[in-house]
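Keep in mind that the numbers below use all heavy atoms, side chains included, and drop hydrogens, waters and symmetry copies. Throughout, protein chains are lettered first and strands after them, A, B, ... in sequence-line order, and every chain is numbered starting at 1.
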2 protein chains.
Amino acid sequence: MTNSSPDKDQDLKPYHLDSQVGFILRRASQRHLSIFSEAVTELTATQFAVLAKLCERGTLSQNALGRETAMDAATIKGVVDRLVIRNLLTTKRDQFDKRRTNVDLSPMGRALFARLESQAKAITEQTLAPLSTAEQAVFLELLGKLV
Amino acid sequence: MTNSSPDKDQDLKPYHLDSQVGFILRRASQRHLSIFSEAVTELTATQFAVLAKLCERGTLSQNALGRETAMDAATIKGVVDRLVIRNLLTTKRDQFDKRRTNVDLSPMGRALFARLESQAKAITEQTLAPLSTAEQAVFLELLGKLV
DNA sequence: TAAAATTCATTCGTATACAAACGGATTTTG
DNA sequence: CAAAATCCGTTTGTATACGAATGAATTTTA
């Protein structure tokens, strides 16, 4: 007899890109980045994340900063380099561990972050605006489990 | 008297990167992409999305394909070019609208997609695995509102 | 129908993003 | 303590990602 139970090697349901979580995550990120760049022209969201983390944590080695902001060593290097060129960050060789380069906010970087902080909060709100307050809490809780 | 109501220009609560939805979305995407590349070595997630969409929709103009896969014209061009070089896609000038380049799966592309389809479904499941079935449904519904 | 607006694909420039490999510094371990 | 393992920052190469500008083709509109 024909079995209607789940297939072994092949699912009868076709693959629909639009319902795959990875694709929807990418589109949600795209929308957020679009909201961000609309509201903030001075920095990218990635660059802002670096300023925010340094403001929160103070001086960090370059690689540690990368870990805190979810960027690998090659990526954080480029981001830091560009921010140093713009005088938003300072770097200094660690005097005890000669491998490390310590990164910190410059006065300009600190001032820029202070100026953008409330806008950044508004961007978070705008990103979540399609959800009710209750839905936002549920969403953030579940999203947090997926990291 | 001192007012404890919400601030006008400044929120007393400090900005914590780790609780911003944009940052968590990025990390969730990173995790998904890591799961993907662990399971599928032949293609990137982006490239697979192109194959999937063409399998689903058939021939599309290059720009239309970009819209369906959430890539702008410049991005989809690079992705298509690389897949054409690998003989996974074919391109042909539209005979009626001379602006358009129509893109379709090659036999090799179709075969590769067929071979990877079940793995792709498993990747989606693995990405959502930290959530219960009920949570997954809630999460996808809310995430869908944020695109 | 002619001008204006739009669409299409392309190119250029900049910015993530990450794997892999490297040399130097530090820490761990046998 | 010396070898092994790890960590640090850097470089190279490839792949998205997108704004802006371009020229050619098509559609809209006045």
Nucleotide interval of DNA chain D bounded by contacts with chain A (heavy-atom cut-off, under 4.0 Å): D/dC7 to D/dC18

Check: A/Y15 ring centroid to B/F48 ring centroid under 6.0 Å: yes

Positions of residues 91-102 of chain B (non-hydrogen atom under 4.0 Å from DNA chain D), listed by number: B/F96, B/D97, B/K98, B/R99

Polar contact flag, side-chain donor to acceptor under 3.5 angstrom, A/Q62-A/T101: no

Within residues 42-66 of chain B, residues whose heavy atoms come under 4.0 Å of DNA chain C: B/S61, B/Q62, B/N63

Salt bridge flag under 4.0 Å for residues B/D18 and A/K53: yes

Side-chain ion pair, A/K121 and A/E125, N-O less than 4.0 Å: no

Helix axis bend for the helix from C/dT1-D/dA30 to C/dG30-D/dC1 - C1'-based end axes, five pairs, 10° rounding: 30°

Non-hydrogen side-chain atoms of B/R99 and B/D94 separated by less than 4.5 Å: no

First of B/M71 and A/A73 reached from the 5' end of DNA chain D, by closest nucleotide: A/A73

Name the atoms and distances for all side-chain donor-acceptor pairs under 3.5 Å in residues 136-147 of chain A, with sequence neighbours left out.
| unit_1 | atom_1 | unit_2 | atom_2 | d |
| --- | --- | --- | --- | --- |
| A/Q136 | NE2 | A/L128 | O | 3.1 |
| A/Q136 | NE2 | A/L131 | O | 3.1 |
| A/K145 | NZ | B/E135 | OE2 | 2.9 |

Interface limits on DNA chain C, where chain A has a heavy atom under 4.0 Å of a nucleotide atom: C/dA15 to C/dT26

Closest approach of B/M71 to B/I76 (non-hydrogen atoms, all atoms of both residues): SD-CD1, 3.8 Å

Side chains of A/H16 and A/S19 in contact at under 4.5 Å (non-hydrogen atoms): yes

